[in-house]
Amino acid sequence: MLPVRYALNVNENTHPIPEDVARDIVESLARAVLTINRYPDREFTALRESLATYLGHGISPDQVWAANGSNEIIQQTLQAFGGPGRSVLGFPPTYSMHPILAAGTGTKWLTAERDADYTISPETAVAAIRAQRPDIVFFCAPNNPTGTPLPLATIEAAYDETDGIVFVDEAYAEFSPTDAPSALTLLPGRERLLVSRTMSKAFAFAGARLGYLAADPAVSDALRLVRLPYHLSALTQAAALAALAHAPEMLAMVDDIAGQRDRLLRELPALGYRVFDSQANFVLFDGVDDTAATFRALLERDILIRDVGIPGALRVTAGTAEETGFFLESLAELGARGAVKA
Ligand SMILES: *Cc1c(COP(=O)(O)O)cnc(C)c1O
């Protein structure tokens, strides 16, 4: 990690966790450490119950599976349902780890194009599945790195078209408008639908490594076959449990962050850039004349953002009001379209 003052590159929640929650986490860890000579609860029963309660939508603990970050959730899913001779279909530009984890598990990575402004219509998803017949379909909703929301109708149509697994990565779901429906609402009656979440982003818990998914209980049975024994440490379980007990407080900053995202969506066009609709905690903007030069010029001002490899475009995480303001001011100082002044 580069030691920069303004790290707006990996969509972390830049707000530290509240101090009273931190104290409860430490107490929970202190209790867990007294039995650390024993292996942890490999069924992470208390954590599953807590995650099921947090998710709501009538989801039961046996529908929940957890791992060390949603990256491990994705990897275990590919180990269980992908592998040599099988394929997974994604819609780039999308989460960079999807193809990397596909490669790591020997699963063939297939791609299909998105519609205008990075959306995916039901027809586009169905046509791609019909043409390529993947074993697994990956969606990312809202999509990283573009922020694009995904209509539930697209997920439903994709599910009806394939007899394989449909995996929806909802890492940024909490930043969506409260009336934006989650794929969790589609779970009843769809035993091949998997919806993953993470505590890394909205929960400000990236360092603790806790991702999870909700699906039919048979999915947990399949993932049990590929996970390493006792994959979820007693300390991870204890920390996550304590944090979940403070869910409303942990999520208190989410509205502020969504407000800063909306500020980026408003103010970047005023600086001459085009933004893409985002329901996540970051914004993709294009119209940058020289992305490498803009990236470097911002870095000289101690701001790290992300070049996601889309020509003319850069991605920035919505931080605190101060961080977001400093980013916008610095970009404005670079002049029209990020051109570096001589
Ligand atoms: C950040 C991110 C994740 C990563 O999550 P961890 O839970 O920290 O492993 C998963 N999916 C997407 C789309 C992300 O952007």
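In each ligand, atom 1 is the first atom listed, and ligand 1 is the first ligand listed.
Atoms of ligand 1 found under 4.0 Å from any heavy atom of S200 (numbered from 1 in listed order, with element): 6 (P), 7 (O), 8 (O). Set against the non-hydrogen atoms of G69, the atoms of ligand 1 under 4.0 Å away are 6 (P), 7 (O), 9 (O). Listed by atom number, the atoms of ligand 1 under 4.0 Å from N71 heavy atoms are 4 (C), 5 (O), 6 (P), 9 (O). Listed by number with element, the atoms of ligand 1 under 4.0 angstrom from any heavy atom of C140 are 13 (C).
Ligand 1 has a nitrogen or oxygen under 3.5 angstrom from a nitrogen or oxygen of K201. Of the polar atoms of Y95, none of the N or O atoms is found under 3.5 Å from an N or O of ligand 1, judged by distance alone. The N/O atoms of T198, backbone and side chain alike, include one that comes under 3.5 Å of an N/O atom in ligand 1.
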> Could you go step by step and tell me if Y6 and F327 meet the ring pair (Phe, Tyr, Trp, His ring centres under 6.0 Å) rule?
Replying inline: CA-CA 8 Å; Y6 299 90; F327 162 74; 9.8 Å; no
>> Applying side-chain hydrogen bond (donor to acceptor under 3.5 Å, both in side chains) to N68 and H231, what does each step give before you reach the verdict?
In response: CA-CA 8 Å; N68 299 283; H231 71 291; 5.4 Å; no
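Because its NZ or CZ atom is not both nearer than 6.0 Å to the ring centre of F285 and within 45° of the ring axis, R274 does not count as a cation-pi partner of that residue. By the 6.0 Å and 45° rule, R315 stacks over the aromatic ring of F282. A cation-pi arrangement is present between R48 and F44 under the rule of less than 6.0 angstrom and at most 45 degrees off the ring axis.
Neither side chain, T119 nor D117, offers a donor N or O lying under 3.5 Å from an acceptor on the other.
By the criterion of a heavy-atom distance under 4.0 Å, the side chain of A171, and not its backbone, is placed next to ligand 1. Contacts of D169 with ligand 1, taken as heavy-atom pairs under 4.0 Å, involve the side chain alone. Contacts of R209 with ligand 1, taken as heavy-atom pairs under 4.0 Å, involve the side chain alone.
The aromatic rings of Y172 and F175 sit tilted, their planes meeting at an angle between 30° and 60°.
Shortest contact from atom 10 (C) of ligand 1 to any protein heavy atom: S70 OG, 3.1 Å. Of all protein heavy atoms, the one closest to atom 15 (O) of ligand 1 is Y172 OH, 2.6 Å.
Of the listed residues (N11, T14, N9), just one forms a side-chain hydrogen bond (donor to acceptor under 3.5 Å, both in side chains) with T317, and that residue is N11.
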